[in-house]
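Numbers restart at 1 for each chain; the letters A, B, ... are given by sequence-line order, proteins then strands. Because only heavy atoms are used, hydrogens play no part in the values below, and waters and symmetry mates are left out as well, while side chains stay in.
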Amino acid sequence: MHVSFDIAADLDLNLKDAALISLGPEGNAFVPEVRPADPRHGDFQANGVLGYAKARKLNPRAVAEQIVAALRDNTKVQFEVTIAGPGFINFKLKPAGLLAWLQTYDSAGHLRTGASEFYKGHHNLVDFSSPNTAKQLHVGHVRGMVIGEAICRLLEFCGAKVTRDNHIGDWGTQFGKLIWGYKHLRNDAALTSDPLEELERLYKAADAAAKETPATLDAARAELVKLQSGDAENLALWKKINAISSDAFQEIYRKLGIRFDYEYGESFYNDKLQQVYKELTAAGLAEESQGALVVFHPEHPRFKTQPFIIRKSDGASNYASTDLATMLYRVEHFKADTIIILTDTRQTDHFEQLWLTTQKWFAKTGRTVPHFEHVTFGSILGEDGKAIKTRSGDPIKLKALLAEAEERAFALVTEKSPDLPEADRRDIANAVGIGAVRYADLSQNRSSDYIFAWDKILSFEGNTAPYLLYAVTRVRSIFRKLGLDAYDPSVTAGATAPATDAEIALARKLIGFASTLRLTTTQLRPHFLCTYLHELAGEFSTFYAADKVLVDDPAVRARRLLLSARTLLILETGLNLLGLRTLARM
RNA sequence: GCGAGCGUAGCACAAUGGAUAGUGUAGUGGCCUCCGAAGCCAUUGAUGUGGGUUCGAUUCCCGCCGCUCGCACCA
């Protein structure tokens, strides 16, 4: 018998069929609205009857009864179907159905096979991280990196082709300042001993100088124009600077397990800008204003007067220019049907203008308009509720943040498990520390700012990485005690359907994985998955306390081992999708 | 000034227009001769404010209050 991975989607189809049968052609308009239900009511609920009946002045309960009567026999065998309240249809999967799902989805590979139906044939290009060269990665960058990586893994798992592009800021105005600083302010000794620090100092010093004296600002801009028009000296400097920062970026990416397929920075698009200027002008979208080439959007309350500057008055490009060229390249070269760009929420205006412009441009030139998602996220705040900074007022460097996370985790692990060899404790501290930082960024709705507190993210209690990693080790320890591999199918052979309250509750939570993946990927919000995993870990703890797994009765033991094995599978699969490394013990 | 986002228990956060607004912490009271107590069970406590739409609003719309962010050549 085929067991569908996403039971809710399956029910949705069955309800549509039943509506057609029972309501006639008008049933075409019925939208089931199946969603996971509160466990008190069932596993899934269909809410669509209420709106449908209301709009037609019908009795919703009567309509619900008609639809339920027309459901396939198979559905009625699998579920307890009830009509409740004003016209909700509730579906409660019977224990045999729970067992069938758990037996079918018994490995990460099979889960992936089930999930890969979601986005089969889609090609998403994900643009994330995208740091500026010549600046170190700092705490402000981590959220986009971590969320971006999780989104890529999730979409891939759910069947999409994903192209990861690190759109490095290697061509902007900062280079004018940096080159000017290099030429006038550099300290050669410092450049040799700690090149990245020195570059950052030069940028800051040049930036400050440009703010003080307009002549310096003009000089910096002139350096940029020289660079962008191919000046050999500036080009060589630019390459040197990029090489230095790229090495530093790669070190952090390795540490966080983040990878890219391409790192086409802004400079890559330099020779593709003339086409943008030309086409937008020819299409009547771009116009000269105060010496710059800009796009206005007359239909928009704000962008009718707030320009989208696509070429600066000194002739230099900016990020609007390169972003437009990038849009085109991603559609024409990569053939992406969906473009996802992650940046913090402060850049909303820019991307709204970019998208308005792109749509009009592509439409006027007969190109396919892709789907576009600007995935935004809030800032990380200090415990005072203000932008997180070091005592000296600088942003906290990511390298230092990650090192501190590992140190703090090491101290905690040493406290809890002093008998483990130091090498093991270091390894655990790495997974816990880095995982904690990651999970903190993922577990909250990305729209909001969040307050960063070491004690909170490294706590072993609550919706945290340490709690989830602990749950994993506890399941693993059951199998270790037996000398068995949790992923060996023979371990769970002969399992019967879940029977006790705790077993059933855990099984029902496990089958919710599919709906969670669907929700997480349609909304591109990893916190849905985090919440689910935390609930799953809690459900397991309840089960673990209520029902002893290693009992003598072989049937009972087998079904509890099955539930434990699947809990482990889904916890590990979910955590890996989020980018966390799991542990056997801690 | 214009625009955007956010206001949910003491604190930190959930809730894809659905049923009695969930979870964690902190507080209170229980549970280790028993598979890892880094755990479990029970319990106290909240939608800024005023309208509107809806069978149904934390969610959508409008006003007000509060906080944050953005707004011509940085990205």
Problem set entry | OP1 or OP2 of B:rC13 under 4.0 Å from side-chain N/O of A:His534 | no
Exercise. Which comes earlier along RNA chain B counting from the 5' end, the contact point of A:Pro301 or that of A:Ile451, where each point is its nearest nucleotide?
Worked result: A:Pro301
For this session: For A:Ser417, answer base if it contacts any base atom (sugar-phosphate contacts may also be present), sugar-phosphate if it contacts only those atoms, and nothing otherwise; contact means non-hydrogen atoms under 4.0 Å.
Result: base
Seminar exercise, completed: Looking only at heavy atoms, the pair that brings A:Ile380 and A:Val139 closest together is CD1-O, 3.7 Å
Exercise. Rounded to whole angstrom units, what separation is found between the CG atom of A:Asp547 and the C1' atom of B:rC40?
Worked result: 13 Å
For this session: Can you tell me the distance, in whole Å, between the CD1 atom of A:Ile83 and the P atom of B:rA19?
Result: 19 Å
For this session: Could you tell me whether A:Glu415 and A:Arg425 make a salt bridge, using a distance below 4.0 angstrom between a side-chain N and a carboxylate O?
Result: no
Exercise. Contact class for A:Ser289 vs. all strands (heavy atom < 4.0 Å): base, sugar-phosphate, or nothing?
Worked result: base
Exercise. With a 4.0 Å cut-off on heavy atoms, is A:Thr376 in touch with a base, just the backbone sugar-phosphate, or nothing at all?
Worked result: nothing
Problem set entry | Check: A:Tyr319 ring centre within less than 6.0 Å of A:His350 ring centre | yes
Exercise. Which of these nucleotides, B:rA72, B:rG18, B:rC35, is closest to any side-chain atom of A:Phe296?
Worked result: B:rA72
For this session: Starting at atom NE2 of A:His527, determine the distance to atom C1' of B:rA15, rounded to an integer number of angstrom.
Result: 9 Å
Exercise. Looking across every strand, which nucleic acid part, if any, lies under 4.0 Å from A:Pro131 by heavy atom: base, sugar-phosphate, or nothing?
Worked result: nothing
Exercise. Hey, is A:Phe460 stacking on B:rA38? Ring centres under 5.5 Å, planes under 30°.
Worked result: no
For this session: Give a yes/no answer on whether the side chain of A:Tyr467 brings an N or O atom under 4.0 Å of OP1 or OP2 in B:rC40.
Result: yes
Exercise. At under 4.0 Å, does any side-chain N or O of A:Lys54 touch on OP1 or OP2 of B:rU54?
Worked result: no
For this session: Check whether any side-chain nitrogen or oxygen of A:Thr542 sits under 4.0 Å from OP1 or OP2 of B:rC41, and answer yes or no.
Result: yes
Seminar exercise, completed: In whole angstroms, the gap separating P of B:rG5 from CZ of A:Arg525 amounts to 12 Å
For this session: State whether the side chain of A:Ser417 and the backbone N or O of A:Thr414 hold a donor-acceptor pair below 3.5 Å, judged by distance alone.
Result: no
Exercise. How would you label the contact of A:Glu535 with the nucleic acid (heavy atoms, under 4.0 Å): base, sugar-phosphate, or nothing?
Worked result: nothing
Exercise. Charged N to carboxylate O below 4.0 Å: is that the case for A:Glu503 and A:Arg559?
Worked result: yes
Problem set entry | Watson-Crick or G-U wobble mate for B:rA57, both contacts under 3.5 Å | none
Exercise. How is A:Lys416 classified with respect to the nucleic acid when contacts are heavy atoms under 4.0 Å: base, sugar-phosphate, or nothing?
Worked result: base
Exercise. Any stacking of A:Tyr544 on B:rC35, going by centres under 5.5 angstrom and planes within less than 30 degrees?
Worked result: yes
Exercise. A:Ile309 has an atom CD1; how far is it from atom C1' of B:rC74, in whole Å?
Worked result: 11 Å
Exercise. When you check the gap from the basic side-chain N to the acidic O, do A:Asp394 and A:Lys389 get nearer than 4.0 Å?
Worked result: no
Problem set entry | Touch class at under 4.0 angstrom, heavy-atom based, for A:Arg221 against every strand present | sugar-phosphate
Exercise. Does the pair A:Asp441/A:Arg446 count as a salt bridge with the N-to-O cut at 4.0 Å?
Worked result: no
Exercise. Expressed as a whole number of Å, how far does the C1' atom of B:rA9 sit from that of B:rU25?
Worked result: 12 Å
Exercise. At under 4.0 Å between heavy atoms, what does A:Arg557 touch on the DNA or RNA strands: base, sugar-phosphate, or nothing?
Worked result: nothing
For this session: Could you check which nucleotide pairs with B:rC35 in any of the strands shown, counting Watson-Crick or G-U wobble with both distances under 3.5 Å?
Result: none
Exercise. Going by a 90° cut-off around 0, is B:rC61 syn or anti?
Worked result: anti
For this session: Check every atom of B:rA75, B:rC55, B:rA72 against the side chain of A:Tyr319 and return the nucleotide holding the closest atom.
Result: B:rA75
Exercise. Could you give the NZ-to-C1' distance, from A:Lys204 to B:rC74, as a whole number of Å?
Worked result: 16 Å
Problem set entry | Contact under 4.0 Å: A:Arg35 side-chain N or O vs B:rG18 OP1/OP2 | yes
Seminar exercise, completed: Scanning all shown strands, the Watson-Crick or wobble mate of B:rC69 with both distances under 3.5 Å is B:rG3
For this session: Decide, yes or no, whether a salt bridge links A:Lys92 with A:Asp43 under the criterion of side-chain N to carboxylate O below 4.0 Å.
Result: no
For this session: Report yes or no: is there a donor-acceptor pair, N or O only, under 3.5 Å between the side chain of A:Tyr470 and the base of B:rA38?
Result: no
Exercise. Is the shortest side-chain N to carboxylate O distance from A:Lys211 to A:Asp207 below 4.0 Å?
Worked result: yes
Seminar exercise, completed: From CG of A:Leu356 across to P of B:rA4 the rounded distance in Å is 14 Å
Problem set entry | Neighbours of RNA chain B within residues 437-446 of chain A, by heavy-atom distance under 4.0 Å | A:Gln444, A:Asn445
Exercise. For B:rU25, which nucleotide in any strand shown is its Watson-Crick or wobble partner with both distances under 3.5 Å?
Worked result: B:rG10
For this session: Take atom CG of A:Asp552 and atom C1' of B:rC35, then tell me their distance rounded to the nearest Å.
Result: 12 Å
For this session: Test the A:Arg474-A:Tyr470 pair against the cation-pi criterion, namely NZ or CZ under 6.0 angstrom from the six-membered ring centroid and within 45° of the ring axis.
Result: no
Exercise. Between the side-chain atoms of A:Asp323 and the base atoms of B:rA75, is any donor-acceptor pair under 3.5 Å?
Worked result: no
Seminar exercise, completed: Closest non-hydrogen atoms of A:Arg581 and A:Leu469, given as atom of the first, atom of the second and distance, are O-CD2, 3.5 Å
For this session: Determine, using ring centers only, whether A:His534 and A:Tyr467 are less than 6.0 Å apart.
Result: yes
For this session: Tell which nucleotide pairs with B:rU20, taking only Watson-Crick or G-U wobble pairs whose two distances are both under 3.5 angstrom.
Result: none
Nucleotides 68-71 of chain B: which of its N/O atoms have a protein N/O under 3.5 Å away?
{"residue": "B:rC71", "atom": "O2'", "partner": "A:Gln306", "partner atom": "OE1", "Å": "3.3"}

For this session: Please work out whether the ring planes of A:His138 and A:His141 are parallel, tilted or perpendicular, with thresholds of 30° and 60°.
Result: tilted
For this session: For A:Ala84, answer base if it contacts any base atom (sugar-phosphate contacts may also be present), sugar-phosphate if it contacts only those atoms, and nothing otherwise; contact means non-hydrogen atoms under 4.0 Å.
Result: base
Exercise. When you measure from the side chain of A:Thr531, which nucleotide among B:rA14, B:rG18, B:rG36 comes out closest?
Worked result: B:rA14
